[in-house]
Amino acid sequence: MNQIEPGVQYNYVYEDDEYMIQEEEWDRDLLLDPAWEKQQRKTFTAWCNSHLRKAGTQIENIEEDFRNGLKLMLLLEVISGERLPKPDRGKMRFHKIANVNKALDYIASKGVKLVSIGAEEIVDGNVKMTLGMIWTIILRFAIQDISVEETSAKEGLLLWCQRKTAPYRNVNIQNFHTSWKDGLGLCALIHRHRPDLIDYSKLNKDDPIGNINLAMEIAEKHLDIPKMLDAEDIVNTPKPDERAIMTYVSCFYHAFAGAEQLLEWIRRTIPWLENRTPEKTMQAMQKKLEDFRDYRRKHKPPKVQEKCQLEINFNTLQTKLRISNRPAFMPSEGKMVSDIAGAWQRLEQAEKGYEEWLLNEIRRLERVEHLAEKFRQKASTHETWAYGKEQILLQKDYESSTLTEVRALLRKHEAFESDLAAHQDRVEQIAAIAQELNELDYHDAVNVNDRCQKICDQWDRLGTLTQKRREALERTEKLLETIDQLHLEFAKRAAPFNNWMEGAMEDLQDMFIVHSIEEIQSLITAHEQFKATLPEADGERQSILAIQNEVEKVIQSYNIRISSSNPYSTVTVDEIRSKWDKVKQLVPIRDQSLQEELARQHANERLRRQFAAQANAIGPWIQNKMEEIARSSIQITGALEDQMNQLKQYEHNIINYKNNIDKLEGDHQLIQEALVFDNKHTNYTMEHIRVGWELLLTTIARTINEVETQILTRDAKGITQEQMNEFRASFNHFDRRKNGLMDHEDFRACLISMGYDLGEAEFARIMTLVDPNGQGTVTFQSFIDFMTRETADTDTAEQVIASFRILASDKPYILAEELRRELPPDQAQYCIKRMPAYSGPGSVPGALDYTAFSSALYGESDL
C-alpha cells in the first residue's frame with residue numbers, strides 16, 4: 001500500500017502554453033464567481049460523464065464522487081486509453097489520499113505542472129480545487145492537442161472557430177465568453193459541417209435562448225455532444241464562464257474536425273513510417289517494432305473506422321442535400337474525400353515494407369549486438385589478463401635476485417610464454433570480430449576499432465618485452481652461475497682455512513700449564529713448527545681473497561645489484577683478514593710467554609732439589625725415631641725408671657730437631673708460592689713430614705705417660721717388676737697389630753692362654769671392666785688394672801664396700817649425685833648404671849645399694 005504524504009501540492013501549468021502560465025494562476029483562497037462556478041459544475045460534470053459512460057458509470061456531484069479517487073482514476077484511463085496503477089480498495093482516509101495521488105501523479109507524468117492542488121483537498125471535497133483539477137484534465141486531453149495553422153490549444157481552437165464561422169452573417173468569434181451569447185456561433189459551426197441538420201437562414205439574432213437551445217438539442221441528438229450548459233445561464237450572465245464555453249466548444253471541434261484530424265494524423269504518421277534510420281541498440285529497434293505493432297493494433301484500426309465513417313457521413317450528407325434540392329456540401333480545399341483517399345494511399349505505401357525492414361534490422365542488430373557483446377567480453381577478458389603484464393615484463397627484479405630466484409623467475413617466465421602463446425587465438429578472434437562489426441556497420445565501430453587497435457598494439461609490445469626479458473634472465477643466470485661457482489670455491493677453501501686460524505688463535509692464546517722443563521721445551525718445539533707453516537698459510541689466504549675479488553669484479557662489471565655475501569659460507573673476507581692479523585699478533589706474544597715459562601721452570605727445579613735434599617734426610621730420621629720409641633715401649637727387661645730415662649732422652653733429641661722441620665717448612669712455602677705440586681726428587685711431601693713429626697711428638701708423649709702410669713700402678717698395687725714385665729710380654733704377644741691395643745678377640749685369646757675358662761656372660765662382664773666405654777679395644781693400662789685386680793687378695797669386695805661407705809658418709813646407701821661428685825665421670829656413670837636400688841631401712845628416693853653392687857662385682861665372681 002502506498003504511503004501518502006499529507007499536504008503534497010501539484011502544479012498544473014503547461015510549459016509550452018504561456019497563456020496558461022498567466023491565466024491559470026489563481027488564488028486558492030479566493031472564491032469563484034457563483035455564476036461561473038455553476039456553469040463549471042454543469043459543464044465539467046457533463047464532460048466527465050460523456051467519457052465515464054463508456055465505462056458504464058457516471059457522477060452526480062463532482063466534488064463528492066471524486067473524493068475516493070476511484071472514478072477519477074477511471075476517468076483518466078478512459079480518456080487516455082492507458083492503465084493506471086492498481087487503486088487501493090480501502091475506505092479509510094489514507095486509502096483515498098493514495099488513490100487521488102496516483103491520479104495526480106499520472107497527470108504530472110503527462111507534462112502538467114500542478115499548482116496548489118493537493119490530494120487531501122480533493123478527498124476533503126474542496127469544490128474550487130476539484131474544478132481546477134478537472135479543468136487541468138480537460139486542457140491536457142481535450143484542448144492541448146488542437147493544432148490549426150501553427151497555433152495550438154486555446155489559440156488553435158479559437159482560430160478554428162473563426163475560420164469555420166467566417167462566412168456567416170452576424171457571427172464574430174473573438175473569445176470564449178461573450179462571442180457565444182447569441183447562439184449563432186454554435187449554429188454556424190453545426191451548419192458549416194452538417195448543413196442538413198439546421199437551416200441557418202431562418203435563425204434570429206434576437207432569440208439567443210432559442211438559438212442556443214436549438215444548437216444544443218441538435219448537438220446532443222445528432223452529434224453525440226451532451227448538453228453541458230443552460231441557455232439562460234449563458235444569456236443572462238454578463239460574461240459567461242470561459243472554461244465552460246471552451247470545454248463545450250472543444251467537443252464540436254472533436255466532432256467536426258474528423259477529416260482534418262485524420263489528415264493531420266496521416267501527415268504525422270507517414271514520415272514516421274518512411275523513416276528507415278536504424279537505431280543503435282537492439283532495445284531501441286524492438287521499441288520501434290513494438291510501436292509499429294501498437295500502431296497496427298491500436299492506432300490504425302480506429303483511424304480506418306474513422307475514415308470509413310467520414311466517407312459514410314459525406315455520402316449520406318450529399319444524398320440528403322440532393323434529395324432536399326439543396327446545394328452539395330463542398331469541404332474546404334485539401335479536405336475532400338479524394339484528398340483523404342490519396343493521403344491514405346500514401347500511408348499504405350509508407351507502411352508497406354516497414355515491418356520487414358524492422359525485422360531485418362532487428363536481426364542485423366541482434367547479430368551486431370551479439371558480436372559486440374562477444375567483442376566486449378573477449379576484449380575485457382584479454383585486457384584483464386593483460387593488465388599489468390607490461391609492468392611485470394619491464395621489471396628488472398632479476399638484477400637483485402639470487403641464482404635460485406633467477407632460475408625460479410626463468411621457470412615462471414617460461415610459464416608466461418606458454419600462457420602468452422595460448423592467448424594468440426583470442427587476440428586473432430578479437431580482430432576478426434572487430435572486422436565483422438565494421439562490415440555490419442556497427443554504430444560504435446570507431447570505439448571498437450580503437451579498442452582492437454590498442455589490444456593489438458599491446459600484444460606486439462608484450463611479444464617484444466617477453467623476448468627481451470627471456471634474454472635478460474638467461475644472461476643473468478649465466479653470470480650468477482659464475483658467481484655461484486666462485487662462492488662455492490670460496491666456501492670450500494675459506495671454511496677449513498678459517499678453522500685453521502681459529503685453532504691457531506686458540507692454541508696461541510691457550511693458557512699452558514707445565515710442571516717441568518721437559519714439558520715447556522716440548523711446547524717451544526711445537527710453536528717453532530707452527531711458525532714454519534705460516535708462509536704456506538699466507539699463500540692460501542691470498543688465494544681465497546682473490547676468489548672474492550673476482551666475485552666483486554663480475555658484479556661491478558655487469559652491474560648486478562646483488563649482495564656479494566656468500567650463501568655457502570658464513571666466513572667473510574673481513575673476518576679472514578681480521579683473524580689473520582690476530583694470528584700474526586699472537587705469534588710473538590706466544591714466543592715471549594713460552595720463554596718466560598722456561599725460566600720459571602728452571603727456578604722451580606732448583607726449589608725442588610733444595611726441598612728434596614732436606615726432606616730425604618728428615619723423613620728417615622723421623623722414621624728411625626718412631627722405631628726406637630716403639631722398641632723401647634715393648635722391651636720387657638730393665639726397670640721402668642730406666643725406660644723412662646731413655647724416653648726422656650728421646651724427647652729431648654726430638655725437640656732439638658725442630659729447627660730442621662721449620663727450615664723445611666720455609667722451603668715448602670717457596671715451592672707453594674711457585675705453584676710446584678710435584679717433586680720427582682723425593683717421595684716425601686711436606687704433609688708426610690708434618691704428619692710424621694706430629695705422630696712422633698704424640699708417640700713420645702704417650703709412651704712417657706704410659707710408663708709413668710705403669711710406675712704408679714706398680715707402686716699402688718704392689719706389683720713387682722717381674723710381674724710387670726710378664727704383663728708386658730703377654731700384652732705384646734697378643735697385640736697382633738703392634739699398635740698398643742688389643743681387640744676383643746685378642747683379649748679373649750690372652751685370657752684363655754692365662755688359664756681362664758670363659759663363658760659368654762663372664763667374658764661380657766670382664767669386657768665391661770676393661771672397656772667400659774665400649775670402644776672395642778683394650779689398652780695396656782686397662783689390661784694391667786684387670787690383671788692387678790685379679791691377682792689381689794680375696795677381701796677386695798669388702799675393701800670396695802668400705803670405700804663406698806666412706807663416700808656415702810657412713811650411710812647404708814649412696815646417691816647418684818655423690819658418685820658423680822667423688823668419682824671420674826666414666827666410673828661414676830658405670831656405677832650408677834649397674835647399682836641396684838636400695839630398699840633397706842632409711843631408704844630415700846634415688847638411693848643406690850653399693851653393698852649389693854660390690855658383692856656382686858667381687859664376691860660372686862668365679863675368678
Side-chain angles (χ1 to χ4, degrees), residues 12-14 17 19-20 23-24 26 32-33 35-54 58-59 61-63 65-66 71-72 75-76 78-80 107 110 112 117 127-148 152-162 164-165 173-181 183 185-186 189-190 212-213 215-220 223-235 237 239-257 261:
Y12 65 100
V13 174
Y14 293 98
D17 299 321
Y19 76 93
M20 290 185 181
E23 189 171 299
E24 300 309 325
W26 40 275
L32 285 174
D33 182 275
W36 288 2
E37 181 178 333
K38 178 181 177 182
Q39 293 172 23
Q40 285 188 19
R41 277 174 176 268
K42 185 174 182 64
T43 303
F44 291 175
T45 299
W47 185 87
C48 291
N49 284 334
S50 69
H51 294 285
L52 287 173
R53 67 186 181 186
K54 299 175 184 178
Q58 63 178 13
I59 60 172
N61 190 318
I62 195 168
E63 67 270 21
D65 293 346
F66 284 141
K71 289 189 177 181
L72 178 59
L75 174 64
L76 290 171
V78 171
I79 63 178
S80 67
I107 296 172
K110 295 302 180 181
V112 179
I117 298 178
V127 177
K128 181 180 178 182
M129 294 301 153
T130 303
L131 293 174
M133 178 188 66
I134 298 301
W135 173 241
T136 300
I137 295 172
I138 294 171
L139 277 176
R140 173 60 184 85
F141 294 100
I143 299 174
Q144 180 180 341
D145 293 335
I146 296 175
S147 177
V148 178
S152 60
K154 180 181 178 180
E155 285 77 8
L157 180 60
L158 182 61
L159 181 60
W160 179 78
C161 293
Q162 291 172 344
K164 297 300 180 181
T165 61
I173 303 300
Q174 297 298 324
N175 52 53
F176 287 107
H177 38 81
T178 56
S179 295
W180 305 87
K181 289 185 67 173
L186 294 174
L189 286 176
I190 295 173
I212 292 173
N213 283 331
M216 288 185 177
E217 290 171 0
I218 293 173
E220 186 173 22
L223 303 178
D224 198 25
I225 298 174
K227 185 177 181 180
M228 297 183 183
L229 292 166
D230 291 331
E232 291 78 5
D233 292 338
I234 298 175
V235 173
T237 302
K239 183 181 179 183
D241 182 65
E242 184 181 51
R243 295 179 181 178
I245 299 296
M246 192 184 301
T247 300
Y248 187 61
V249 171
S250 69
C251 293
F252 284 89
Y253 173 82
H254 290 294
F256 292 138
Q261 291 178 344

Does the side chain of [X] reach to within under 4.5 Å of the side chain of [Y], using non-hydrogen atoms?
{"X": "Arg243", "Y": "Ile138", "answer": "no"}
{"X": "Met133", "Y": "Phe44", "answer": "no"}
{"X": "Lys38", "Y": "Leu229", "answer": "no"}
{"X": "Asn61", "Y": "Phe66", "answer": "no"}
{"X": "Thr165", "Y": "Trp160", "answer": "no"}
{"X": "Leu76", "Y": "Phe141", "answer": "yes"}
{"X": "His51", "Y": "Ile79", "answer": "yes"}
{"X": "Leu131", "Y": "Glu37", "answer": "yes"}

Is a side-chain donor or acceptor of [X] paired with a backbone partner of [Y] at a separation under 3.5 angstrom?
{"X": "Asn175", "Y": "Thr178", "result": "yes"}
{"X": "Gln39", "Y": "Asp241", "result": "yes"}
{"X": "Thr43", "Y": "Met228", "result": "yes"}
{"X": "Arg140", "Y": "Lys110", "result": "yes"}
{"X": "Glu242", "Y": "His177", "result": "no"}
{"X": "Trp36", "Y": "Lys239", "result": "yes"}

Identify the heavy atoms of [X] and [Y] that sit nearest to each other, and give their distance.
{"X": "Val249", "Y": "Leu157", "result": "CG1-CD1, 4.3 Å"}
{"X": "Asn49", "Y": "Ile59", "result": "OD1-N, 2.7 Å"}
{"X": "Ser179", "Y": "Ile173", "result": "O-CD1, 3.7 Å"}
{"X": "Phe176", "Y": "Ile245", "result": "O-CB, 3.0 Å"}
{"X": "Lys71", "Y": "Asp65", "result": "CB-O, 3.9 Å"}
{"X": "Pro226", "Y": "Tyr248", "result": "O-CE1, 3.4 Å"}

At what distance, to the nearest 0.5 angstrom, does [atom1] of [X] lie from [atom2] of [Y]?
{"X": "Ile107", "Y": "Ile117", "atom1": "CD1", "atom2": "CD1", "answer": "7.5 Å"}
{"X": "Ile134", "Y": "Gln40", "atom1": "CD1", "atom2": "CD", "answer": "11.0 Å"}
{"X": "Trp47", "Y": "Ser250", "atom1": "CH2", "atom2": "OG", "answer": "8.0 Å"}
{"X": "Leu189", "Y": "Cys161", "atom1": "CG", "atom2": "SG", "answer": "5.5 Å"}

Checklist entry - Run the side-chain hydrogen bond (donor to acceptor under 3.5 Å, both in side chains) check on Asp233 and Thr237 step by step: do they pass? => result CA-CA 6 Å; Asp233 292 338; Thr237 302; 5.7 Å; no
Item to check | Lys227/Glu217 ion pair, N-O < 4.0 Å | outcome: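 Result for this pair is no, no salt bridge flagged.
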Next on the checklist: Using a strict threshold of under 4.0 Å (side-chain N to carboxylate O), is an ion pair present between Arg53 and Asp224?
Outcome noted: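 Salt bridge between Asp224 and Arg53, a charged N being under 4.0 Å from a carboxylate O: yes.
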